[in-house]
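Computed from a predicted structure; not experimentally measured.
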Amino acid sequence: MAHHLTAPTTPTRRVVRTAAALAVTAALFAVTACGGAAEGSPGDKGTVVVRIPDPKNSGVLALGKKDGSLAKALAAAGARVEWTGSSGPFAPAAQALNAGQLDIATGSITSGVTALTQKPGFKLFSAIEPDGAGEGILVREDSGIAAVKDLAGRKVAVNQGGTGEYLLLKALARHGVPAGDVERVYLRPDQTASVYKTGQVDAWASWAAYSVAELGSGDSRFVADGAAVGSDNYSFHAVRTGFAERHPKVVKALYDYLRTGSAAQRADPEKYVNVFTDRGPTAVTGAARELQLRILREGGTVEPITADDIARFESVARFYLDQKVLTKPVDIKPHILDIEALG
């Protein structure tokens with residue numbers, strides 16, 4: 001019988017859960033501590049400051065930071081960027097948006113619908129199709145897990161209410177494995193690698209930001225990827241509601257930059273990987289780099305949120321409600337910003 005993590009039953013479990021709680025606090029601090037501009041306050045010569053998590057070493061924003069193209073695009077709308085903390089899971093970013101300490105963030109709709117139950121102070125303004133190749137359930141090559149049904153009786157690391165928990169539950173539902181037969185170990189993604197590698201958990205449900213390194217090492221594989229489980233896990237960009245109301249032209253300029261950049265990244269991904277360095281913990285090399293390039297070539301681009309997208313967002317919310325991850329329904333439409341209406 002699977003144990004549920006609402007009750008810490010062993011000393012090991014208490015350590016894992018305490019580490020998770022501390023990591024959430026640390027991540028929120030990282031997102032908010034560097035923020036200097038108050039909401040709606042102008043910078044030099046009346047320039048609007050837009051606070052965005054630092055993109056680290058890859059992606060459209062990283063290249064825009066390096067080559068100055070993002071600064072140029074924002075300047076045309078009377079704004080400049082202030083890099084605030086660093087990018088990561090959406091849960092702490094949503095808290096920062098709600099607290100008025102961040103203006104723009106990126107997330108997945110799985111974490112998004114969870115955050116939308118908490119009186120959100122943000123709206124979603126873009127949609128990127130699910131990453132069927134980069135997200136999935138990782139298992140070690142020597143795990144003895146050959147199929148989803150083999151997860152029964154095992155421990156799987158997931159981020160609570162986010163992509164990991166969604167992917168695991170979708171896989172179990174698709175293969176007829178009762179959710180209660182698998183023990184979910186709730187951990188922040190950035191603290192999970194060591195737990196996974198040392199065998200404290202048997203599998204890890206995650207996405208490209210974390211899975212690429214494991215897959216590229218040759219020691220792990222997906223027992224099921226996003227495509228195999230029928231994932232509707234769209235990515236999105238979110239903007240703080242107050243910022244969007246005061247500075248719609250800035251939001252539109254940023255959206256246009258992201259949309260154009262995402263198409264360029266898909267067409268020619270090499271320059272969007274290892275933007276600042278090809279060494280150290282933020283770099284991807286060897287097989288991991290090749291996998292990252294393939295994911296980018298096959299990935300979606302930033303687009304406006306359509307009625308079809310909203311329907312799929314709603315399907316994720318209903319699934320989470322059915323799986324008792326959510327305790328109440330979520331109405332998605334009031335939290336969507338029609339980016340094309342901003343002109």
Side-chain angles (χ1 to χ4, degrees), residues 31 50-53 55 58-61 87-98 102-132 134-135 159 161-167 170 189 206-209 226 231-244 248 250-263 265-266 295-296 299-320 325-326 330-342:
V31 169
V50 53
R51 297 163 296 177
I52 306 174
S58 63
V60 172
L61 291 179
S87 58
F90 185 66
Q95 293 180 48
L97 288 166
N98 292 340
L102 189 65
D103 300 313
I104 301 291
T106 304
S108 66
I109 197 58
T110 48
S111 327
V113 296
T114 305
L116 289 176
T117 66
Q118 307 296 320
K119 297 182 180 179
F122 60 87
K123 292 185 181 294
L124 315 184
F125 67 90
S126 79
I128 304 104
E129 290 184 355
D131 177 14
E135 62 180 18
N159 57 316
T163 294
E165 188 161 29
Y166 172 78
L167 292 171
K170 285 285 285 186
S206 192
W207 63 99
S231 171
D232 275 328
N233 188 31
Y234 276 71
S235 295
F236 62 79
H237 290 91
V239 60
R240 191 168 47 78
T241 304
F243 187 92
V250 177
V251 180
K252 184 60 165 57
L254 180 60
Y255 166 79
D256 289 340
Y257 182 85
L258 291 167
R259 189 180 190 190
T260 301
S262 67
Q265 177 179 251
R266 184 174 183 174
I295 289 171
L296 292 177
T301 54
V302 172
E303 303 294 341
I305 298 172
T306 68
D308 287 344
D309 297 333
I310 294 172
R312 293 179 72 175
F313 295 175
E314 290 172 340
S315 75
V316 172
R318 286 194 301 272
F319 179 76
Y320 259 4
V325 176
L326 297 182
V330 178
D331 187 5
I332 304 291
K333 290 180 182 178
H335 308 293
I336 302 298
L337 177 64
D338 184 355
I339 195 69
E340 294 182 313
L342 297 185

What pair of heavy atoms forms the shortest contact from T301 to E303, and how long is it?
OG1-OE2, 2.7 Å
Could you measure the distance from the OG1 atom of T106 to the CG atom of L124? Nearest 0.5 Å is fine.
11.0 Å
For Q265 against G59, the heavy-atom pair lying closest together:
OE1-CA, 3.4 Å
Validation row: V251, F243 side chains within 4.5 angstrom (heavy atoms):
yes
Please determine whether the number of non-hydrogen atoms from other residues, nucleotides or ligands lying under 6.0 Å from atom CD of E129 exceeds 12.
no
Measure from the side-chain N and O atoms of E165 to the backbone N and O of G161, and report whether any donor-acceptor pair falls under 3.5 Å.
yes
Determine yes or no for a side-chain-to-main-chain donor-acceptor pair under 3.5 angstrom, with S231 supplying the side chain and G226 the backbone.
no
Has the side chain of S126 got a donor or acceptor atom that lies under 3.5 Å from a matching backbone atom of H237?
yes
Report the C-alpha distance between Y166 and F319 in whole Å, list the side-chain angles of each, state the deciding distance to 0.1 Å, and finish with yes or no for ring-ring contact (aromatic ring centres under 6.0 Å, His included).
CA-CA 9 Å; Y166 172 78; F319 179 76; 5.8 Å; yes
Going by the rule side-chain contact (heavy atoms from CB on, under 4.5 Å), which residues pair with E314 if we only count those two or more places apart in sequence or in a different chain?
I310, R318, I332, K333
Please round to the nearest 0.5 Å and tell me the distance separating atom CD1 of I305 and atom CG of L337.
8.0 Å
Taking only Lys NZ, Arg NE, NH1 and NH2, and the carboxylate oxygens of Asp or Glu, determine whether D256 and K252 approach each other closer than 4.0 Å.
yes
Rounded to the nearest 0.5 Å, how far apart are OH of Y234 and CZ of F313?
7.0 Å
Mind checking whether P53 and L102 have side chains closer than 4.5 Å, heavy atoms only?
yes
If I compare all heavy atoms of P304 with all of A127, which pair ends up nearest, and what's the gap?
O-CB, 4.5 Å
Any donor-acceptor pair under 3.5 Å from D309 side chain to T306 backbone
yes
Restricting to non-hydrogen atoms, name the atom on D131 and the atom on A208 that form the minimum distance, rounded to 0.1 Å.
OD2-CB, 3.6 Å
Got a donor-acceptor contact below 3.5 angstrom from the R266 side chain to the G300 backbone?
no
Evaluate the side-chain proximity of L342 to E340: yes if any heavy-atom separation is below 4.5 Å, no if none is.
no
Nearest-0.5 Å distance that lies between atom NZ in K123 and atom CG in L116:
10.0 Å
Heavy atoms, side chains only, cut-off 4.5 Å: are I52 and L254 in contact?
yes
Distance-only, no hydrogens or angles: does the N233 side chain make a donor-acceptor pair with backbone N or O of T163 under 3.5 Å?
no
Which pair of heavy atoms, one from Y320 and one from T114, lies closest together, and at what distance?
CE2-OG1, 3.8 Å
Within the side chain of N159, is there an N or O that forms a donor-acceptor pair under 3.5 Å with the backbone of G164?
yes
Side chains of L167 and E135: does their closest heavy-atom pair fall under 4.5 Å?
yes
Pick one: which of V239, L61, L97 meets side chain to side chain contact (heavy atoms under 4.5 Å, CB included) with I104?
V239
Which atoms form the tightest heavy-atom contact between D232 and V316, and what is the distance?
O-CG2, 3.6 Å
Approximate separation, where rounding is to 0.5 Å, of F125 CZ and I339 CD1
6.0 Å
Test of understanding: with side-chain contact (heavy atoms from CB on, under 4.5 Å), list the residues that count as partners of S111, not counting sequence neighbours.
F90, S108
